[in-house]
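Heads up: the structure comes next, in structure tokens.
All values reported here derive from a predicted model rather than from experimental measurement. Each chain gets a letter, A, B and so on, in the order the sequences are listed, and its residues count up from 1. The analysis underlying the following values was restricted to heavy atoms, covering all of them including side chains, and did not include hydrogens, waters or symmetry mates.
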There are 2 protein chains.
Amino acid sequence: MKRSVFDHQFQQQSIESKIVVSLERISEAFRVLLWKESKEHALSPIQVQILIFCNFHSEQLRKISSLASEFNLTKATVSDSVKALEQKGFIRKQQEPEDTRSYTIHLTKEGAELAKKISMFADHLYQPLSTLSDIQKQTLLSSLLEMIYKLQQAGIISINRMCFSCRYYQKKSDKHYCNLMNTPLKNTELRIDCPEHEMIGN
Amino acid sequence: MKRSVFDHQFQQQSIESKIVVSLERISEAFRVLLWKESKEHALSPIQVQILIFCNFHSEQLRKISSLASEFNLTKATVSDSVKALEQKGFIRKQQEPEDTRSYTIHLTKEGAELAKKISMFADHLYQPLSTLSDIQKQTLLSSLLEMIYKLQQAGIISINRMCFSCRYYQKKSDKHYCNLMNTPLKNTELRIDCPEHEMIGN
DNA sequence: AGTTATAGTTAGGAAACCTAACTATATTTG
DNA sequence: CAAATATAGTTAGGTTTCCTAACTATAACT
């Protein structure tokens, strides 16, 4: 009989189920923080995410389709929110001559200012990390990276821009190597959202 | 100038910001999995959470107010969802003689069966952990526990039933100790959702 | 040139959330 | 003990989230 990670008896035997439950609690924290930040600025959670994302990512990614797969939503949902942001004057749509079906999202001056403010919402997660030792942090990070990679391979998270899924990444005798920068990468240098990322096998 | 964890340059310097971004990705995975599971059973995400929670927690916690603070929602929101679950025949409200204002939620036979099924939704998070070493898992867990405790202290997550916030917990010369069971606790024995939990200072 | 794929929008609907105002019981306290 | 206050839950009304399905318009095959 298979057991759920939420089963107390199972939790007492299994460290894995404790980890999953912990991660679930932290997800809850994200949800709460995002919601709170949204309300404070009269935005919706998804609008907050879009503003932050657009503030930190390149033109190619600042399109309806990219945003949709980034946040695992439909294009219709994203389209609505983008329209709302446009009406509020935080973004502007810019047609490109190459493909007139699509457009790139640009933050207006007000949008960029707002984005800077709201992107601090995750700070509350940042502070609790300060008391962990360096080794703890390193182990924590590599474990999380491994998890994320597997979640992406399993098709649960659609998009990522981490080294493991990048065409420039190579494992050389158990060491990480980036073929774009031509340098070895320490565990802590592995990126989770690399601007130069190119998906493997494209 | 303070920087956001979503800032790429900042990420390259700071391991903490990478961890936060990773956690954010994992939260996304939870959101997606919960949504998917909901749709498959014609439930809403919050209904799924309520069913699972009620399946694994004691009577005192199976009340509107508890659920509301557990999930950081208002009572109104929870009340609505519980009503829906009742109409679908998965739960039943049971008045207690001690306090007739309130009632306890009981799963019906169908509700319990459904709860068992849907509580496996987190399994996709469980499997990616299998390749981690024991030491990695232990470090991961204690880091997460520490984070959660601080998030609760900071008032971001309202409720938890972990050892650190329990009146029976004691730190004896840097070792963990449970005064209810009268036993020392290894790092891996620390609980994240203990049925015997009693909030400190009550 | 005609089919097919892709980018984004619109419309309609269920549900997730909230706030505010409400009922009904419990508890406190003057 | 009666009056004031607190607590448990509901209802009403609103905005936003998200979906699916049908649509327009452009781009890219064949």
Nearest to the side chain of [X], which nucleotide is it out of [options]?
X: D80(B); options: dC17(C), dG8(C), dT10(C); answer: dC17(C)
X: W35(A); options: dC17(C), dC18(D), dC19(D); answer: dC17(C)
X: T100(A); options: dA26(C), dT26(D), dG8(C); answer: dT26(D)
X: A76(A); options: dA20(C), dG8(C), dA21(D); answer: dA21(D)
X: R101(A); options: dT26(D), dT25(C), dC18(D); answer: dT26(D)

So, S14(A) side chain and S17(A) main chain: donor-acceptor pair closer than 3.5 Å or not?
->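 Judged by distance alone, yes, a pair lies under 3.5 Å.
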H8(B) side-chain N/O to D193(A) backbone N/O, donor-acceptor pair under 3.5 Å =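 Confirmed, H8(B) side chain pairs with D193(A) backbone.
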Between [X] and [N], does any side-chain N or O lie under 4.0 Å from OP1 or OP2?
X: Y103(A); N: dT9(C); result: yes
X: S79(B); N: dT10(D); result: yes
X: K93(B); N: dT10(D); result: yes
X: S65(A); N: dG8(C); result: yes
X: K75(A); N: dT10(C); result: no
X: T74(B); N: dC17(C); result: no

Could you state the atom-to-atom distance from [atom1] of [X] to [atom2] of [N] in whole Å?
X: E98(A); N: dA28(D); atom1: CD; atom2: P; answer: 10 Å
X: K83(B); N: dA8(D); atom1: NZ; atom2: C1'; answer: 16 Å
X: K36(B); N: dC19(D); atom1: NZ; atom2: P; answer: 14 Å
X: L43(B); N: dC18(D); atom1: CG; atom2: P; answer: 18 Å
X: E96(B); N: dA26(C); atom1: CD; atom2: P; answer: 12 Å
X: E28(A); N: dC17(C); atom1: CD; atom2: P; answer: 9 Å
X: Q87(A); N: dT9(C); atom1: CD; atom2: P; answer: 12 Å
X: K88(A); N: dT16(D); atom1: NZ; atom2: C1'; answer: 9 Å

Assign each of P97(B) and D99(A) to its nearest nucleotide of DNA chain C by heavy atoms, then name whichever residue's nucleotide is nearer the 5' end.
->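 The residue mapped nearer the 5' terminus is D99(A).
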Among Q95(B), Q60(B), E96(B), R62(B), which residue meets the side chain to side chain donor-acceptor pair (under 3.5 Å) test with T104(B)?
->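 Option passing the side chain to side chain donor-acceptor pair (under 3.5 Å) with T104(B): E96(B).
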Indicate whether any N or O donor in one side chain lies under 3.5 Å from an N or O acceptor in the other, for Q47(A) and K88(A).
-> yes
Do Q138(B) and N187(B) have side-chain atoms, one donor and one acceptor, less than 3.5 Å apart?
-> no
